[in-house]
There are 2 protein chains.
Amino acid sequence: MKFEAFRKSIRLSKEDISRDLLAENRDRIKIKKEKVAVRNLVKILDAALAIGNAKGFASMSLRDLSSEANLSMGALYAYISSKEELLDMIQQQGRIVVVKVMNESLSGIDEPAEKLKTAIQVHLYLSEVMQPWFYFSYMETKNLPRDAHRKAIESELLTEGIFAEIIEAGMAKGVFRQVDPRLSAALIKAMLQDWYLKRWKYERRKVTVEQYGEFLVDLILSYILIRD
Amino acid sequence: MKFEAFRKSIRLSKEDISRDLLAENRDRIKIKKEKVAVRNLVKILDAALAIGNAKGFASMSLRDLSSEANLSMGALYAYISSKEELLDMIQQQGRIVVVKVMNESLSGIDEPAEKLKTAIQVHLYLSEVMQPWFYFSYMETKNLPRDAHRKAIESELLTEGIFAEIIEAGMAKGVFRQVDPRLSAALIKAMLQDWYLKRWKYERRKVTVEQYGEFLVDLILSYILIRD
DNA sequence: CATAAACGAACGTTCGTTCGGTTTTTTACA
DNA sequence: TGTAAAAAACCGAACGAACGTTCGTTTATG
């Protein structure tokens with residue numbers, strides 16, 4: 001699968017995500033009209049991710065956010081009820097998208113090697129489309145309140161579990177070698193994460209997301225496939 | 001190499017590190033007597049790494065630090081000249097140790113596969129001994145002032161370069177397959193980092209640092225060694 | 001008794017959050 | 001279609017709490 005094909009196949013513009021997020025938090029957001037709410041949510045999320053990823057969410061003041069989003073302090077508080085809740089909202093929305101896209105993309109694929117390859121590519125491409133989200137979620141997990149923090153960890157383990165299950169199925173079918181599925185999955189995740197955590201590095205070296213994906217698939221399959 | 005053997009072979013107690021750090025910053029630290037200075041630096045660094053890793057350096061107030069380290073606000077400022085400088089000091093000291101230990105451990109090894117294996121193990125074991133340092137440095141890089149931030153990035157590329165050079169040497173000798181050395185090195189680093197970034201995960205699953213190291217070496221060598 | 005170290009109240013800023021007032025948009029009726 | 005009332009959205013000054021940092025004073029050391 002090509003990256004551009006993937007990007008077009010999923011509906012994930014900023015507006016789409018903001019609309020979902022609005023629907024999810026209809027009770028907490030005080031703005032009535034969807035069109036207005038979505039327009040400003042896009043501005044708020046854009047600004048929060050930009051500032052937050054540049055200097056950390058804790059170091060971002062709501063005055064920074066207010067001026068970057070071109071909204072007054074008062075207007076800001078019509079969309080969020082506290083700074084902490086904004087943090088939670090961003091993370092939650094990211095997780096929802098990941099689970100949805102991963103499940104949609106993998107259903108119907110049975111051949112283990114093909115499924116593993118697709119899972120790696122989809123996760124990688126998704127992290128490319130939503131890079132600020134992924135980076136933010138990774139770096140700010142520990143600043144979440146207790147309950148949200150627990151959910152973030154569960155989510156990490158859930159996506160890891162997807163990879164582990166594919167590997168186990170491949171082993172059961174005799175297509176994959178006998179390896180530690182959980183540890184293999186953990187390392188796949190680690191390499192997937194490097195792509196969005198160290199974007200500056202790969203950008204500088206002009207490594208494309210497709211090249212990275214191919215390399216990663218090669219590395220994993222050369223380890224996991226039965227040898228001749 | 002066993003982890004315990006490694007731990008004993010390097011002198012890296014908190015006191016040792018604090019003493020080095022004191023020597024490095026003799027002009028900025030106002031305390032005259034080494035014994036007193038080292039004792040309190042240990043307390044300050046312990047507290048800063050503990051609080052910083054728990055809730056982020058930006059969210060750690062100097063009052064938190066003061067009470068955790070059992071030092072008054074005034075006393076704290078006899079050891080550090082600003083909060084930002086403390087951040088810089090911790091990172092700088094970590095980098096010095098990494099470069100020193102890596103260079104010492106790799107000199108004299110010529111056989112590429114052996115050298116690559118040792119490099120992976122040493123980096124991994126070192127990150128285990130100094131886990132709070134490594135975690136802290138990774139998570140707080142972006143909060144550094146401009147110049148210190150640049151140095152942190154250089155350091156990331158430097159250690160990556162060590163792995164890349166070993167791989168290139170192995171390719172030149174005909175022991176390794178023709179692979180992308182830079183990308184391979186990047187992924188090795190990504191997997192090494194996962195060990196200290198997600199310690200909670202591996203601890204929970206009772207994966208030891210030696211098991212992780214073996215798995216990682218297996219994975220890399222199965223990709224990079226010439227096949228029969 | 002002199003020097004070193006530690007103390008903690010106080011300073012000026014900046015923070016997250018609130019709220020009374022203003023502007024903009026929609027609605028209702030002619 | 002024009003307009004006044006009502007509703008929605010936005011504004012930014014103001015508040016108390018908490019921040020990093022300083023400094024005059026007290027305590028410990030040798």
Side-chain angles (χ1 to χ4, degrees), chain A residues 18-19 22 25-45 47-48 51-52 54-90 140 143-145 148, chain B residues 18 22 25-48 51-52 54-90 140 143-145 148:
Chain A
S18 291
R19 199 165 3 252
L22 173 62
N25 297 277
R26 249 286 159 237
D27 47 335
R28 292 191 274 191
I29 294 172
K30 299 194 182 88
I31 272 44
K32 303 277 172 77
K33 286 155 55 185
E34 173 172 302
K35 220 170 104 183
V36 178
V38 168
R39 168 171 35 94
N40 285 329
L41 274 176
V42 169
K43 292 203 288 182
I44 291 171
L45 292 172
I51 305 172
K55 59 172 174 172
F57 187 77
S59 300
M60 175 193 78
S61 77
L62 292 185
R63 284 169 184 79
D64 291 343
L65 183 61
S66 152
S67 79
E68 180 78 13
N70 274 113
L71 283 170
S72 68
M73 295 295 296
L76 213 51
Y77 269 83
Y79 295 87
I80 59 168
S81 54
S82 77
K83 192 187 177 190
E84 194 178 67
E85 200 218 56
L86 172 61
L87 178 61
D88 192 17
M89 247 171 51
I90 295 175
E140 303 297 342
N143 300 332
L144 288 166
Chain B
S18 290
L22 174 62
N25 297 277
R26 247 291 159 233
D27 46 335
R28 291 191 273 190
I29 294 171
K30 298 195 181 87
I31 271 47
K32 303 279 173 77
K33 286 154 56 183
E34 174 171 302
K35 221 170 101 182
V36 177
V38 168
R39 168 172 34 96
N40 285 330
L41 275 176
V42 169
K43 292 203 288 182
I44 291 171
L45 293 172
D46 266 359
I51 305 173
K55 61 171 172 172
F57 187 77
S59 300
M60 175 191 79
S61 78
L62 292 185
R63 284 168 183 80
D64 290 345
L65 182 61
S66 152
S67 77
E68 179 78 13
N70 273 114
L71 283 170
S72 68
M73 295 295 296
L76 215 51
Y77 269 83
Y79 294 87
I80 60 167
S81 55
S82 76
K83 191 188 178 188
E84 195 178 67
E85 201 217 57
L86 172 61
L87 178 61
D88 192 17
M89 246 172 50
I90 294 175
E140 302 297 341
N143 300 331
L144 287 167

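Residue numbers begin at 1 in each chain, while the letters A, B, ... track the order of the sequences.
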Quiz item: How far apart are the closest heavy atoms of B:Leu86 and B:Met60, and which atoms are they?
Solution: CD2-CE, 4.5 Å
Self-check item: Flag side-chain contact, heavy atom, 4.5 Å: A:Lys83 against A:Leu65
Solution: no
Self-check item: Validation row: B:Arg39, B:Lys35 side chains within 4.5 angstrom (heavy atoms)
Solution: no
Self-check item: Between C1' of C:dC7 and CG of B:Leu76, the distance in whole Å
Solution: 12 Å
Self-check item: Rounded distance (Å) that lies between atom P of C:dA5 and atom OH of B:Tyr77
Solution: 19 Å
Exercise. Find the distance A:Ile51:CD1 to C:dG16:C1' and express it as a whole number of Å.
Key: 15 Å
Exercise. Send over the distance from A:Leu86 CG to C:dT17 P, rounded to a whole Å.
Key: 10 Å
Quiz item: Rounded to the nearest Å, what distance is computed from the CG atom of residue A:Leu87 to the P atom of nucleotide C:dG16?
Solution: 12 Å
Quiz item: Can you check whether B:Leu41 reaches B:Val38 side chain to side chain, under 4.5 Å on heavy atoms?
Solution: no
Practice problem: Could you pull out the closest heavy-atom pair between B:Leu87 and B:Glu140, with the gap in Å? | Solution: CD1-CB, 3.8 Å
Practice problem: Scan nucleotides 8-19 of chain D nucleotide by nucleotide, 5' to 3', and note B when protein non-hydrogen atoms come under 4.0 Å of the base, S if they reach only the sugar-phosphate, - if neither. | Solution: SSSBB-B----B
Quiz item: Hey, does the Lys NZ or Arg CZ of A:Lys30 hover above the aromatic six-ring of A:Tyr77, less than 6.0 Å from the centre and inside 45° of the axis?
Solution: no
